[in-house]
Each structure stands twice: as structure tokens, then as C-alpha cells.
Amino acid sequence: MLKGKSAIVTGSTSGIGRGIAHALAKEGVNVMTNGFGDTPETIATVKSEITAFGVKADYNPADVSKPEQIDAMIDATVKSFGGLDIVVNNAGIQFVSPIESFPLEKWDAILATNLSSAFYTSRRAVPLMRNKGWGRIINIASAHGLVGSEDKSAYVAAKHGIVGLSKVIALETAKDGITCNAICPGWVLTPLVQKQIDDAAAKGGVSKDEEAKKFLAEKQPSMQFVTPEEIGGLVVFLCSDAAQQMTGSAYSIDGGWVAQ
């Protein structure tokens, strides 16, 4: 049902975004991948993984904190694929610090990349989707879009903002064949999370495996990491006809984290 449609997945050269790009490509969706500062080898690998499903793939290096670069990426997507049907706002960065010592430049960077970028893509994508009478905007939030954690003021604020932004877009597009939802993963073993585990293990003088178990035990009752493939499967479902009345919601995929 998605064959021939076209998508942008931000932050899709690794981790969650890469899993989402694969899942969409498997369903016949052409994918504009995106990453900032990726090596030519990484770009070539990611594109070949997607085209292996028999669809078109392209890459755009847009820094998603810059609205003019997002505009250029959307223009390139329309030029490459003939349109834009699906936007998955996945790109994100992290920094951990108590609020009193949280660097101002880190606050600004996290809000720009994790929240403002979704606004920038959506404001350009919605008119294109309205013209077709069909569209899907999926914002990758986090369990931290629903609950808080210490030392993550900027990240939690941005992810709560993503959930709110998704509701507003859903209301504004409810009669246009467009849906907008947020997905709220728990711990996923992405490079971003692995760095947190590595840093905490080094600081505490324990092994990375021990620290990973500690991460899970603190938040995730299933004691298992969510996988990018599982998140990709949820994205595909939210793009399907079965989900056409599912809009303005935040869907947890977190091993029971926010059920506590």
C-alpha cells in the first residue's frame, strides 16, 4: 500500500533512523536519507542497503538545525522522487548535565536539532501533502517526551515539545488525509545511547555490560533494548491505511518504562 511513495528520514545514516529507512524501503518507499558529517563510505553503504529493496535512494547532508538546509533537502527530494509523502523527524543529539551548569550553547543546539527541525520540515511538507490529499508525519520523540530524568533538561524539554507539536499538526491537518504522530522509544542501543553507557561505565569504573544492565534496570522493566527494526515496524504501521484515523497521539515502545 506504500509502494511508490517517497519519504525523508532525518538522521538516517545510523541507529533508529537507519532502521526506519530500511523498513520503509522494504514496503516500496523511496527514501531520502540524511545525516550531517557522514563519510562517503557510510553514505554509499546506506544508499545501497535501501536500493537493495528495489526502490530509489538519495542522500542529503542537511544540518537539520538550519531551516534553509531543510528547505533545500525537501526541494531535492521532490526533484529526485517527484514528490514527498512521508516525513520522519528522527535526528537528535544529547548532552547530560545538571541544570545549573548546563552550557547555554548545548541547550540551543539540542532544541534546534531535536525540536525546531521537526517544525521546519513540517511547515514545508504539509502543503505538499495537502495537494495530494495524503501524508504522514512521524516524529521520533522518546520516553523522555512523556516523563523526565535528571540532568537532561534540554533533551526532555525538546522531546516534550515534539509530542505537543505533533498534536497541533494533527489538529491542523485532520481533514486533509494527513496524520501526525509521535513515537516514544525507551532505551535503544544506538550510538547516542552507547556513548552514554560508555561514559557512565568509565566514570563508575565498571564494565560496559554492567552499565548497560544498570541502564535497563533503572528504567525499562523488560530488561531488553528496543530495536531500530521494531521502531521501523511501528512507523510502517502508522503510514498504513489501517492507521488513517490514528493522529495526534504519542505511542510508547519502551518495554514498560512509562507504565511505572
Engineer: Closer than 3.5 angstrom, by distance alone: can the side chain of N60 be matched with the main-chain N or O of A62 as a donor-acceptor pair?
Structural biologist: yes

Engineer: Measure the shortest side-chain to side-chain distance between C184 and Y251 over non-hydrogen atoms and say whether it is less than 4.5 angstrom.
Structural biologist: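 A side-chain contact is absent here, since even the closest heavy-atom pair is not under 4.5 Å.
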
Engineer: Is the shortest heavy-atom distance from the side chain of L238 to the side chain of M246 under 4.5 Å?
Structural biologist: yes

Engineer: When you measure from the side chain of E210 to the backbone N and O of S207, does any donor-acceptor pair fall under 3.5 Å?
Structural biologist: yes

Engineer: If a pair satisfies salt bridge (charged side-chain N to carboxylate O under 4.0 Å, His left out) and one of its residues is in residues 243-260, list it, with sequence neighbours excluded.
Structural biologist: none

Engineer: Please enumerate all residues that pass side-chain contact (heavy atoms from CB on, under 4.5 Å) together with I43, with sequence neighbours excluded.
Structural biologist: D38, K47, Y59

Engineer: Using only atom types and a distance under 3.5 Å, with no angle test, would you say the side chain of N90 pairs donor to acceptor with the backbone of T10?
Structural biologist: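 Side chain of N90 to backbone of T10, a donor-acceptor pair under 3.5 Å: yes, one is there.
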
Engineer: Quick one: does any side-chain atom of E211 pair with a main-chain N or O of D198 as donor and acceptor, under 3.5 Å?
Structural biologist: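 No: the side chain of E211 does not pair with the backbone of D198.
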
Engineer: List the residues meeting side chain to side chain donor-acceptor pair (under 3.5 Å) with K152, not counting sequence neighbours, and say none if there are none.
Structural biologist: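 Testing K152 for side chain to side chain donor-acceptor pair (under 3.5 Å), a comparison that skips the adjacent residues, returns Q196.
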
Engineer: For the rings on W187 and F225, is their centre-to-centre separation under 6.0 Å?
Structural biologist: no

Engineer: Using a strict 4.0 Å threshold on nitrogen-to-oxygen distance, state whether D199 and K195 make a salt bridge.
Structural biologist: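 K195 and D199: salt-bridged.
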
Engineer: Got a sec, which residues hit side-chain contact (heavy atoms from CB on, under 4.5 Å) with Q244, two or more places apart in sequence or on another chain?
Structural biologist: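 Counting only residues at least two positions away or on another chain, Q244 forms a side-chain contact (heavy atoms from CB on, under 4.5 Å) with R136.
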
Engineer: K159 side chain to I140 main-chain N or O, any donor-acceptor pair under 3.5 Å?
Structural biologist: yes

Engineer: Is the closest side-chain heavy-atom distance between V64 and N34 below 4.5 Å?
Structural biologist: yes

Engineer: Is the backbone N or O of D176 less than 3.5 Å from a side-chain atom of T173, with the two atoms forming a donor-acceptor pair by type?
Structural biologist: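 Answer holds: no.
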
Engineer: For H144 and S149, work out which heavy atoms get closest and say how close.
Structural biologist: NE2-OG, 2.6 Å

Engineer: Could you tell me if the ring centre of F102 sits under 6.0 Å from that of F95?
Structural biologist: yes

Engineer: What pairs of residues pass the salt bridge (charged side-chain N to carboxylate O under 4.0 Å, His left out) test when at least one of them lies in residues 4-26, not counting sequence neighbours?
Structural biologist: R18-E49

Engineer: Could you pull out all residues at least two apart from F81 that satisfy ring-ring contact (aromatic ring centres under 6.0 Å, His included)?
Structural biologist: none

Engineer: Within a strict 4.5 Å, meaning less than it, do heavy atoms of the N114 and I93 side chains meet?
Structural biologist: yes

